[in-house]
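Structure record follows, encoded as structure tokens.
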Amino acid sequence: MSQPASEWDVLIRNANLARLLPQGSGYDELQQAAIALQDGKIAWLGTEEELPAQARAHSEIDAQGGWLTPGLIDCHTHIVHAGRRSNEFEMRLHGATYQEIAAAGGGIMSTVRATRAATEADLLAQSLPRVQALLAEGVTTLEIKSGYGLDLASEASMLRVARRLGEMLPVAVCTTFLGAHALPPEYAARADDYIDHLCREMLPALHAQGLVDAVDAFCENIGFTRAQTERLFQAARARGLPVKLHAEQLSDQDGSALTAAYAGLSADHLEWLSESGIAAMRQAGTVAVLLPAAFYFLRETKLPPIAELRAAGVPIALASDCNPGTAPITSLLLVLNMACTLFRMTPQEALRGVTCHGARALGLADRGSLEVGKRADLALWRIERPADLAYMMGFNPLQQVWYGGKPCRNSMA
Ligand code: NIG
Ligand code: FE
């Protein structure tokens with residue numbers, strides 16, 4: 001039974017709901033509806049007709065026919081970092097490849113140098129406007145990876161800044177330890193020693209400080225091998241931490257199947273994902289996280305196997321991958337559009353990718369859909385149809401956000 005109507009904190013009326021139920025279909029629309037929030041959770045929802053006559057709330061809002069969705073979830077970002085790499089963008093336009101720039105000491109390593117040199121206050125100041133831009137488009141849950149420090153002090157700084165952003169702003173931050181992002185110069189030609197250092201020292205220390213919610217690696221011919229990745233996964237498992245992986249971005253390393261073997265939350269990128277990788281992910285319930293902005297920015301031509309993932313019923317999440325090298329983007333709405341134009345996903349699949357499936361990619365069962373008992377993270381949009389969110393480019397129809405039941409405007413002040 002729902003709570004007595006008189007106790008509701010917030011009642012939003014005259015709204016259209018896109019509930020995006022995890023096992024649902026379409027947008028799970030409920031038109032001319034109302035939704036009640038109580039103690040930070042959704043307490044009741046239904047059509048205006050079903051609303052009990054005695055319904056009362058401390059604060060009643062008229063949504064004026066706008067659309068309510070779950071707050072958006074960006075489940076893969078490197079948003080905490082210092083510096084920019086537009087010089088590399090220019091180099092690529094003069095013919096250099098991403099791999100060549102990385103091999104010459106640029107790429108991830110140039111951001112590592114900038115991040116190591118930045119103070120923690122500076123790292124926070126540089127990252128804050130990027131997070132605010134995401135929030136201005138309805139994001140209420142955000143994953144943030146380390147991986148531009150690559151030593152204990154700098155990785156800890158990145159993760160502390162990530163936690164601090166979640167304290168300062170109306171957004172839930174999930175942290176991911178990505179120490180295995182690139183090989184730091186101190187360990188040149190000693191990748192196995194570096195993995196040992198991650199497993200024996202960095203991960204235990206950062207985890208003990210409460211800074212790690214999950215563990216990720218860059219399994220790639222310019223990153224770490226499958227065997228090295230597996231050793232890190234074992235260390236994560238020993239601490240009860242979930243794993244995820246940058247997998248099959250530039251080549252097929254069979255990283256997705258490895259992630260599935262460790263019951264991983266997600267395998268991300270996946271342009272080179274094989275049939276056997278898909279089967280392993282399906283069996284393990286590992287989410288496919290697609291990152292169309294990185295695909296776009298690197299001008300990749302090999303598409304992730306969308307039709308095959310769809311046919312196998314693997315949940316597909318979408319994320320910004322916000323990072324200075326391959327996805328300098330802070331718009332999740334634009335990611336929806338890219339998923340449709342570049343990957344031929346439907347607007348409905350795209351919206352699921354940043355709501356119910358994004359939640360699953362973070363292992364969060366308490367959000368991502370509009371259902372009684374879920375967190376009251378909501379976004380109200382001035383749109384005519386849910387597909388408008390993926391259709392428009394560079395236009396932000398967000399009207400209002402509720403984060404844990406509390407109203408916030410999230411405008412770019
Ligand atoms: O997700 N693939 C590895 N990591 C990032 C890129 C990082 C960078 O170039 O700085 C990615 O695309
Ligand atoms: Fe990434």
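For ligands, and for the atoms within them, numbers begin at 1 and follow the listed sequence. Every value quoted in this text rests on a predicted model; they were computed, and no experiment measured them.
- Checked for salt-bridge contact, E120 and R163 miss the test: no charged N lies under 4.0 Å from a carboxylate O.
- Relative to the ring axis of Y27, R352 does not place its NZ or CZ within 45° and under 6.0 Å from the centre.
- In this structure, the protein non-hydrogen atom closest to atom 12 (O) of ligand 1 is T326 OG1, 2.7 Å.
- For atom 7 (C) of ligand 1, the nearest non-hydrogen atom of the protein is Y148 OH, 3.2 Å.
- Between T111 and ligand 1, not a single N/O pair is under 3.5 Å apart.
- Applying the side-chain hydrogen bond (donor to acceptor under 3.5 Å, both in side chains) test to residues at least two apart or on different chains, the pairs with a partner in residues 14-23 are N14-D62.
- Scanning both residues, A172 and R367, for their nearest heavy atoms gives CB-NH1, 3.4 Å.
- The nearest N, O or S atom of H246 is closer to the Fe ion (ligand 2) than 2.8 Å.
- Take the N/O/S atoms of H78: the one nearest the Fe ion (ligand 2) is NE2.
- The closest protein non-hydrogen atom to atom 6 (C) of ligand 1 is Y98 OH, 3.4 Å.
- Distances from the Fe ion (ligand 2) to the N/O/S atoms of H76 are shortest for NE2.
- Between A182 and M109, the closest heavy-atom pair is CB-SD, 4.2 Å.
- In summary, the atoms of ligand 1 found under 4.0 Å from a heavy atom of G325, numbered by their order in the structure, are 9 (O), 10 (O).
- Annotation: the span from W44 atom CH2 to W8 atom CH2 amounts to 5.5 Å, rounded to 0.5 Å.
- Among the atoms of D268, no N, O or S atom falls under 2.8 Å of the Fe ion (ligand 2).
- At the shortest separation from atom 4 (N) of ligand 1 among protein heavy atoms lies H181 NE2, 2.8 Å.
- Taking a cut-off of under 4.0 Å to the non-hydrogen atoms of H269, the atoms of ligand 1 that pass are 1 (O), 11 (C), 12 (O).
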### Message
Walk me through whether E88 and S86 qualify under side chain to side chain donor-acceptor pair (under 3.5 Å).
### Response
CA-CA 5 Å; E88 294 180 5; S86 57; over 6 Å; no
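- Ion pair K41/D39 not flagged as a salt bridge, since none of the NZ, NE, NH1 or NH2 atoms sits closer than 4.0 Å to an Asp/Glu carboxylate oxygen.
- Nearest protein heavy-atom neighbour of atom 11 (C) of ligand 1: D321 OD2, 3.3 Å.
- When the Fe ion (ligand 2) is compared with the N/O/S atoms of D321, atom OD1 turns out nearest.
- Residue-ligand proximity, R85 to ligand 1, at heavy-atom distances under 4.0 Å covers atoms 8 (C), 9 (O), 10 (O).
- A donor-acceptor contact under 3.5 angstrom links the side chains of T326 and N323, judged on distance only.
- Using a 4.0 Å cutoff on heavy atoms, E220 does not count as a contact of ligand 1.
- For the pair R299 and Y98, the cation-pi test (distance below 6.0 Å, angle within 45°) is failed.
- The heavy atom nearest to atom 2 (N) of ligand 1, considering only E88, K145, H76, Q249, is found in Q249.
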